[in-house]
S.K.: 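Could you have a look at this structure, given as structure tokens, before my questions?
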Amino acid sequence: MRLALAEAEAAAAAGEVPVGAVVTRGSEILATARNRMRDGCDPTAHAEMVALRAAAVRLGSARLDQCDLWVTLEPCAMCAGAIALARIARLYFAAPDPKGGAVLHGPRLFHQPTCHHAPEVYGGIGEAAAAALLRDFFRERRA
């Protein structure tokens, strides 16, 4: 999660919402990413999506079934759908997102009967640091 938090800090420094993600397979780091929506004028460039794409390219497969995803914020519906389609084995996230999250909140995508794959989910890892990054980022913009 430390790598994902470092990516989130880099996102904040670039003016992006501070979310970072890392894809691993065992002890191997396959991809690290941060939000790049503003940078690339791409509404789908959430940290999770960028990391999943990079890991898939690196492995030469859209199936990441032996991989884990570490992310600093509970994934939204788009990202949760991509996680399911990629067949991620385990999802670790830091801060919950009651407003935009889709794993523990909102649609709870992995619990829907139409979801063909649900990873193991572990939340709250590094929650305080991730939540502080987000609070500070938005406080500065609202001031």
Side-chain angles (χ1 to χ4, degrees), residues 1-40 42-141:
M1 189 60 77
R2 284 189 300 269
L3 283 174
L5 286 166
E7 286 291 330
E9 289 170 359
E16 298 276 0
V17 174
V19 178
V22 176
V23 177
T24 60
R25 183 175 58 182
S27 61
E28 180 184 13
I29 296 166
L30 298 176
T32 62
R34 64 181 188 265
N35 272 0
R36 294 186 171 275
M37 293 170 35
R38 296 178 80 184
D39 177 40
D42 181 355
T44 70
H46 290 194
E48 302 95 309
M49 300 294 285
V50 176
L52 291 172
R53 288 177 188 135
V57 167
R58 180 161 178 191
L59 294 178
S61 173
R63 292 278 177 108
L64 304 175
D65 53 2
Q66 295 178 355
C67 298
D68 299 332
L69 177 65
W70 301 77
V71 62
T72 59
L73 184 65
E74 176 183 352
C76 70
M78 173 184 68
C79 294
I83 290 164
L85 291 171
R87 306 294 197 265
I88 287 289
R90 283 165 296 279
L91 167 65
Y92 301 92
F93 70 87
D97 186 358
K99 199 171 185 180
V103 176
L104 299 181
H105 298 91
R108 297 174 45 95
L109 189 112
F110 301 137
H111 295 285
Q112 298 304 315
T114 54
C115 183
H116 299 294
H117 170 79
E120 294 174 30
V121 176
Y122 304 92
I125 301 164
E127 179 178 349
L133 268 172
L134 287 158
R135 269 192 313 273
D136 292 348
F137 178 83
F138 287 111
R139 184 180 309 121
E140 289 176 15
R141 269 139 191 82

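Throughout, numbering of the chain's residues begins at 1 and tracks the sequence.
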S.K.: Identify the two heavy atoms, one from A130 and one from T72, that lie closest to each other, and give their separation to 0.1 Å.
M.R.: CB-O, 3.3 Å

S.K.: Output the distance between atom CZ (R25) and atom CG (L30), rounded to the nearest 0.5 Å.
M.R.: 5.5 Å

S.K.: Heavy-atom count around Q112 CD within 6.0 Å, excluding the residue itself: above 12?
M.R.: yes

S.K.: Mind listing the closest non-hydrogen atom pair of A82 and L52 along with its distance?
M.R.: CB-CD1, 3.8 Å

S.K.: Hey, are the side chains of E48 and L91 touching, using non-hydrogen atoms and a 4.5 Å cut-off?
M.R.: no

S.K.: Measure across A11 and P18 and return the closest heavy-atom pair with its distance rounded to 0.1 Å.
M.R.: CB-CA, 4.0 Å

S.K.: Can you confirm whether more than 12 heavy atoms, excluding those of H116, are under 6.0 Å from its NE2 atom?
M.R.: no

S.K.: Quick one: pull up NE2 in H46 and CE in M78 and give me the separation to the nearest 0.5 Å.
M.R.: 4.0 Å

S.K.: Report yes or no: does E74 contribute a side-chain atom to a donor-acceptor pair with the main-chain N or O of L104 at less than 3.5 Å?
M.R.: yes

S.K.: As an exercise, state the distance from CE of M1 to CD of E7, rounded to the nearest 0.5 Å.
M.R.: 13.0 Å

S.K.: Going by the rule ring pair (Phe, Tyr, Trp, His ring centres under 6.0 Å), which residues pair with Y122 if we only count those two or more places apart in sequence or in a different chain?
M.R.: Y92

S.K.: State, to 0.1 Å, how close A89 and D68 come at their nearest heavy-atom pair, and which atoms those are.
M.R.: CB-OD1, 4.0 Å

S.K.: Return the CD to SG distance between E28 and C67, rounded to the nearest 0.5 Å.
M.R.: 8.0 Å

S.K.: Tell me whether the count of non-hydrogen atoms from other residues, nucleotides or ligands lying under 6.0 Å of CZ in R38 goes above 12.
M.R.: no

S.K.: For the residue pair F93 and V121, what are the closest heavy atoms and their distance?
M.R.: CE2-CG1, 3.7 Å

S.K.: What are the two closest non-hydrogen atoms of C79 and M49, and how far apart are they?
M.R.: SG-CG, 3.8 Å

S.K.: Could you state the interatomic distance from CG (L64) to CZ (R87), rounded to the nearest 0.5 Å?
M.R.: 10.5 Å

S.K.: For the NE2 atom of H117 and the CZ atom of R63, what is their distance to the nearest 0.5 Å?
M.R.: 9.0 Å

S.K.: Check the pair M37 / V17 against side-chain contact (heavy atoms from CB on, under 4.5 Å), numbers first and verdict last.
M.R.: CA-CA 9 Å; M37 293 170 35; V17 174; over 6 Å; no

S.K.: Any sub-3.5 Å donor-acceptor pair from E16's side-chain atoms to R34's backbone N or O?
M.R.: no

S.K.: Does the side chain of W70 reach to within under 4.5 Å of the side chain of T24, using non-hydrogen atoms?
M.R.: yes

S.K.: With sequence neighbours excluded, what pairs up with D97 under the side chain to side chain donor-acceptor pair (under 3.5 Å) test?
M.R.: none

S.K.: Can you name the salt bridge (charged side-chain N to carboxylate O under 4.0 Å, His left out) partners of D39, sequence neighbours left out?
M.R.: R36

